[in-house]
Amino acid sequence: MFRHNNQLILKTTRDCNLRCEYCYIKNKDHFKGEMIEYNLYKTTIDRMVDERLSNKQPISIIFHGGEPTLTPKPQFIKMVTYAENQFRKHGIHYSFGMQSNLTLIDEEWCQILSKYNISLGCSFDGVGDSMDKRTTIKQQSFYDKFDMLKKYNVSFGFLMVIHEGNINNVMESYQFLRNNYEIENIKVNYVEDINGLGGEVNGSEFFTKAWKPFLDDYINEDTPYQLPEGNCQHLLSKFVSDYVMNSEISEKSNCGSKICGGGMSIVEMEANGDFQLCGRYSGNSPEAYIMNVNDKDLFSLKQLRKYLYFINEKHKVILDVGCDTCLADGICDHGCMAFYYSKFGKWGIRTDLTCDIHKDFYDYCVQHISELLRAVHKEIQRNGEAKYMLANRAINIKSNNTPYIKTLSKKYGLMLELDPMNDRSLLIKDINKV
Amino acid sequence: MLDHHHKGENMNCKCGKELTDVKVEIELAFNVERLNENGTWEPIPNSIAAPREIMCMDCFSTFVDVIDDTFNKES
């Protein structure tokens with residue numbers, strides 16, 4: 001299970017102290033008191049070490065749930081210490097992360113997170129009454145947690161899940177985090193209403209209110225700015241690969257590539273040792289089940305077979321929807337099969353959400369490609385040259401007679417070149433410094 | 001039990017036997033592409049894998065027999 005992945009989502013428990021309306025783990029009451037046993041965890045780490053001795057690529061373990069801070073602190077310390085010792089002993093590069101609702105974070109947890117360099121992903125839906133769909137805990141309590149994390153030098157970032165309750169204050173929420181906690185990067189995701197409780201925002205509204213403001217700020221010449229939203233960063237790179245370059249599809253992305261890496265580059269393990277294609281499958285879905293950590297798997301053939309099965313199902317869905325001939329095919333995340341399966345009990349993607357979001361994004365980029373490339377240059381240039389990492393392997397730059405190439409040259413004094421040292425890199429150069 | 005693939009350390013086959021005389025190292029090249037609507041074979045980068053196993057002579061022989069039974073049956 002661990003030969004091919006760069007990330008393990010380790011659910012120490014599916015239990016949680018909150019009942020967020022949009023959470024994809026159903027029937028949380030059923031998992032009350034669930035906690036991974038230390039010996040099972042040890043078996044997992046031993047297997048990981050054994051299977052990665054010939055693959056020295058770094059591995060990341062993300063402690064997840066439910067709510068992972070329900071793990072008793074002494075057990076958690078024992079778990080992290082064991083993994084650290086084993087990885088260091090066998091020369092395996094590693095990192096730790098945790099996704100948490102923050103409600104149980106206290107000074108002790110901050111000390112643990114800081115000591116073991118565990119990066120914390122914080123679920124935060126925004127300012128005002130944005131958190132009402134998740135908890136009755138007062139907003140100020142969360143701000144106090146942020147202050148605590150800063151006090152103990154914990155590395156943390158934010159994930160905002162957008163629904164009708166917070167769609168109108170995305171930028172305000174980001175600016176609050178930036179101004180008060182020096183947060184430079186954030187991820188803003190759209191929610192899929194898998195529980196049938198409502199609250200979804202349609203695709204176009206999501207793009208307009210959640211992602212477009214970040215893009216508008218980015219291309220604004222008066223703003224000394226970066227592009228802080230993670231999805232926009234990723235999609236822009238895919239857009240440049242698709243629109244500006246002739247490229248070969250080479251991007252391996254855990255979540256967001258045309259056929260995601262769930263079950264291969266990213267694997268998820270439940271507290272009982274069961275591996276699933278992805279942590280977003282709600283309940284014990286046989287379609288998502290791969291094997292248990294105690295099962296043997298020569299050449300990881302059973303894992304490969306399961307992933308091949310998933311590929312085949314996604315392939316059928318893509319053909320059915322018509323993605324291959326869509327303008328936005330090169331940038332789209334092609335929907336989440338896990339969320340769809342959790343809601344409808346069959347394979348598919350939410351074209352009503354996914355298509356509008358990505359087509360709108362694509363259209364925006366086409367209209368503003370010159371400004372976007374200028375903004376990239378402004379953000380990352382050193383001595384007049386910006387090396388921009390592309391999502392895919394570049395073959396050459398598309399026709400030099402396109403209008404945006406002329407605009408780049410005349411209005412911004414910039415030119416484009418393939419990086420001779422790296423076929424995943426586009427050079428944006430200041431003409432005056434060439 | 002952990003398989004140690006480093007030189008000089010004791011190595012064991014998956015069957016448990018210590019590898020003392022001959023070991024067989026097999027690496028599979030795995031790669032999947034899909035035929036898209038445009039009639040082109042489209043790569044799936046997440047599918048690229050090269051799993052590797054080390055086994056004793058007996059296990060290798062069993063492995064060959066299994067492949068033979070599966071693919072080389074006379075129709």
Side-chain angles (χ1 to χ4, degrees), chain A residues 1-6 45-55 86 89-91 248-266 296-301 303-305 307-308 310-312 314-316 318-326 329 391-393, chain B residues 1-19 22-72:
Chain A
M1 283 305 303
F2 300 114
R3 293 174 202 262
H4 318 298
N5 66 326
N6 56 56
I45 299 299
D46 287 349
R47 181 170 180 164
M48 194 181 295
V49 168
D50 186 46
E51 292 183 354
R52 292 189 83 81
L53 286 176
S54 56
N55 168 13
Q86 286 297 95
K89 182 179 169 188
H90 294 98
E248 287 177 349
I249 299 173
S250 57
E251 183 194 37
K252 284 182 102 162
S253 173
N254 293 352
C255 191
S257 43
K258 194 166 183 176
I259 296 183
C260 72
M264 274 294 277
S265 56
I266 182 170
K296 295 190 194 305
D297 189 13
L298 196 72
F299 287 104
S300 303
L301 282 177
Q303 178 190 3
L304 290 169
R305 179 173 60 184
Y307 186 60
L308 183 56
F310 175 78
I311 288 173
N312 198 39
K314 186 73 187 274
H315 167 70
K316 287 189 272 186
I318 286 170
L319 287 180
D320 188 47
V321 169
C323 299
D324 293 331
T325 51
C326 174
D329 180 47
N392 293 303
R393 191 175 299 119
Chain B
M1 111 196 15
L2 295 180
D3 272 348
H4 293 279
H5 300 280
H6 298 289
K7 253 186 174 176
E9 294 196 41
N10 286 336
M11 293 174 63
N12 292 76
C13 179
K14 286 287 191 306
C15 69
K17 264 188 283 199
E18 191 180 348
L19 295 165
V22 173
K23 64 178 173 77
V24 183
E25 188 170 315
I26 305 177
E27 188 168 307
L28 299 178
F30 188 79
N31 183 23
V32 182
E33 294 181 334
R34 61 175 288 269
L35 189 63
N36 69 20
E37 211 177 316
N38 302 308
T40 310
W41 284 108
E42 185 177 284
I44 301 171
N46 281 316
S47 73
I48 297 168
R52 182 173 149 269
E53 294 284 0
I54 294 176
M55 52 185 79
C56 65
M57 278 298 300
D58 289 338
C59 284
F60 177 69
S61 181
T62 306
F63 179 73
V64 171
D65 286 339
V66 167
I67 301 288
D68 191 43
D69 283 346
T70 307
F71 291 105
N72 296 336

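Below, chain A is the first sequence line, B the second, and so on; all start at residue 1.
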Side chain, backbone, both or neither: which part of [X] has a heavy atom under 4.5 Å from chain B?
{"X": "Ile259(A)", "answer": "both"}
{"X": "Asp297(A)", "answer": "backbone"}
{"X": "Ser257(A)", "answer": "side chain"}

Taking every heavy-atom pair that is under 4.5 Å apart, which of Lys252(A), His4(A), Glu251(A) has the most such pairs with chain B? Lys252(A)
Check the pair Ile44(B) / His315(A) against side chain to side chain contact (heavy atoms under 4.5 Å, CB included), numbers first and verdict last. CA-CA 11 Å; Ile44(B) 301 171; His315(A) 167 70; over 6 Å; no
How long is the straight-line distance from [atom2] of [Y] back to [atom1] of [X], given to the nearest 0.5 Å?
{"X": "Lys258(A)", "Y": "Asn36(B)", "atom1": "NZ", "atom2": "CG", "value": "6.0 Å"}
{"X": "Glu51(A)", "Y": "Glu53(B)", "atom1": "CD", "atom2": "CD", "value": "8.0 Å"}
{"X": "Phe299(A)", "Y": "Lys14(B)", "atom1": "CZ", "atom2": "NZ", "value": "9.0 Å"}

Note, [X] side chain near [Y] side chain (heavy atom, < 4.5 Å):
{"X": "Leu28(B)", "Y": "Leu301(A)", "result": "yes"}
{"X": "Leu308(A)", "Y": "Val32(B)", "result": "yes"}
{"X": "Arg34(B)", "Y": "Ile318(A)", "result": "yes"}

Can you check whether Tyr307(A) and Phe30(B) have ring centres sitting under 6.0 Å from each other? no
Short question: side chain of Asn46(B), backbone of Asn254(A) - any donor-acceptor pair under 3.5 Å? no
